[in-house]
Amino acid sequence: MSQPRHAHTTEVTLEVDGTSHRLTVDNRVTLLDALRERLGATAPKKGCDHGQCGSCTVLVDGRRVTTCLTFAVAADGAHVTTAAGLGHGDELHPVAQAFYDEDAFQCGYCTPGQICSAVGMLNEAKSGAPSYVTDDLEVTPVLTDDEIRERMSGNLCRCAAYPNIVTAIERAATQ
C-alpha cells in the first residue's frame, strides 16, 4: 500500500473483472461500497450488510469473499472477479450457464453472489478442501446434495430456489 494522502484515506489498486482501477478510499470503506459506488459494479448486491446473506460475494484472487465485511484497503492489489466478469464476451461461465439452464433463480437478486460462491466452492472442492459434512478427509470430496448445501450455506435465497441451485451446481461440477 502506498502512503495515505490523509490519515484516514489510502490509495488502492483494484483489478476488477480484468480492468485496473486506482482509487483513494476512506480506510473504513468496504470493498462492496468501493465496487458499487465508486466503480459502478452492479453484480455484487448489498443485502444484509453483515456478511450473513452472501449477495455481495465475489472472488478475490480466486477465493470467495463477502465484500460487505472486507475493507477495500485489504484488497489492494487484488484481482476481483464479480459474476459479470466470469464469462468470456457473450459466452456465459459454465456455472452461470448451468444456473440459466436449470432455472436456478427467481427474482435474481442473490444470483450473482450465488454464482460467485458456487465457482469458489467448486474450486475449493476440486482442491480437496473438506467441509463440515465431508465424510472422508483423505480423498477429494464428493459433491453430494448435502455437501453442496453445506458449502453454499452462506448464500441465502429469499425466493427459495435452493433445489434448482443445487441441481445447477451439480451440472456445472460435471462439465
Side-chain angles (χ1 to χ4, degrees), residues 1 8-87 92-100 102-125 127 129 131-132 148-166 168-169 172:
M1 271 190 290
H8 63 280
T9 63
T10 303
E11 276 192 33
V12 297
T13 300
L14 301 173
E15 184 178 310
V16 180
D17 297 335
T19 303
S20 185
H21 302 274
R22 189 114 180 106
L23 305 168
T24 300
V25 295
D26 184 298
N27 295 333
R28 301 165 293 180
V29 166
T30 64
L31 180 55
L32 176 62
D33 288 339
L35 290 170
R36 289 188 61 83
E37 295 173 13
R38 298 288 303 279
L39 300 178
T42 58
K45 305 292 191 256
K46 187 175 275 200
C48 66
D49 216 15
H50 295 287
Q52 297 173 342
C53 74
S55 64
C56 68
T57 303
V58 301
L59 301 172
V60 175
D61 293 333
R63 297 183 58 101
R64 53 190 172 155
V65 168
T66 49
T67 58
C68 71
L69 295 181
T70 304
F71 289 118
V73 294
D76 184 29
H79 297 278
V80 178
T81 306
T82 71
L86 285 171
L92 292 175
H93 184 278
V95 172
Q97 186 65 55
F99 268 64
Y100 177 78
E102 296 297 333
D103 196 24
F105 50 86
Q106 287 184 30
C107 80
Y109 193 82
C110 73
T111 304
Q114 294 273 2
I115 289 171
C116 282
S117 189
V119 169
M121 89 80 159
L122 287 172
N123 290 335
E124 292 164 14
S127 73
S131 78
Y132 180 75
I148 292 170
R149 283 187 197 100
E150 173 62 26
R151 289 173 183 269
M152 293 294 292
S153 64
N155 291 82
L156 303 180
C157 174
R158 291 182 182 180
C159 303
Y162 298 116
N164 294 10
I165 290 170
V166 171
I169 293 170

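Since the structure is predicted, the reported quantities are computational estimates derived from the model, not experimental observations.
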**Study point:** Smallest separation among heavy atoms of Phe105 and Phe99, with atom names
**Key:** CE2-O, 3.6 Å

Study note, to complete from the structure: Interatomic distance, SG@Cys116 vs CE@Met121, rounded to 0.5 Å, equals 13.5 Å

Check your understanding: Taking atom OG of Ser153 and atom CD1 of Ile148, what is their separation to the nearest 0.5 Å?
Key -> 12.5 Å

Review point. side-chain hydrogen bond (donor to acceptor under 3.5 Å, both in side chains) with Thr82: which of Thr67, Asp17, Thr57?
Key: Asp17

Revision key, fill the gap. So the side chain to side chain donor-acceptor pair (under 3.5 Å) pairs with at least one residue in residues 102-116 (sequence neighbours excluded) are Glu102-Arg171

Point to revise | Gap between atom CD1 of Ile115 and atom CZ of Arg64 - 0.5 Å precision | key: 14.0 Å

**Study point:** Ile169 side chain near Arg151 side chain, heavy-atom distance below 4.5 Å
**Key:** no

Exercise for review: Return the set of residues passing side chain to side chain donor-acceptor pair (under 3.5 Å) with Arg28 (not counting sequence neighbours), or none when no residue passes.
Suggested key: Asp26

Check your understanding: Is there a side-chain contact between Val80 and Leu35 (heavy atoms, below 4.5 Å)?
Key -> yes

Review point. If every non-hydrogen atom of Ser55 is compared with every non-hydrogen atom of Cys110, which pair is closest and at what distance?
Key: CB-CA, 4.5 Å

Revision key, fill the gap. When rounded to the nearest 0.5 Å, the distance separating CG of Leu59 from CG of Asn123 is 7.5 Å

**Study point:** Between CD on residue Gln97 and CG on residue Leu86, distance to nearest 0.5 Å
**Key:** 13.0 Å

Study note, to complete from the structure: Note: Val95 and Ala118 closest approach over all heavy atoms is CG1-CB, 3.8 Å

With a 3.5 Å cut-off and sequence neighbours excluded, list the donor-acceptor pairs that the side chains of residues 40-51 form with protein atoms.
unit_1: Lys45; atom_1: NZ; unit_2: Thr42; atom_2: O; d: 2.4
unit_1: Lys45; atom_1: NZ; unit_2: Ala43; atom_2: O; d: 3.4
unit_1: Lys46; atom_1: NZ; unit_2: Asp33; atom_2: OD1; d: 2.9

Exercise for review: Taking all heavy atoms of Thr81 and all of Val58, pick out the closest pair and write down the distance.
Suggested key: O-CB, 3.4 Å

Practice item. Mind running side chain to side chain contact (heavy atoms under 4.5 Å, CB included) on Gln52 and Leu156 for me, showing each step along the way? Key: CA-CA 8 Å; Gln52 297 173 342; Leu156 303 180; 5.6 Å; no

**Study point:** Residue pair Ala72 / Leu14: nearest heavy atoms and the distance that separates them
**Key:** O-CD2, 4.3 Å

Revision key, fill the gap. Between Met152 and Ser117 the two heavy atoms that sit nearest each other are SD-OG, 3.8 Å

**Study point:** Interatomic spacing from CZ in Phe71 to CG in Leu31 - rounded to 0.5 Å
**Key:** 11.5 Å

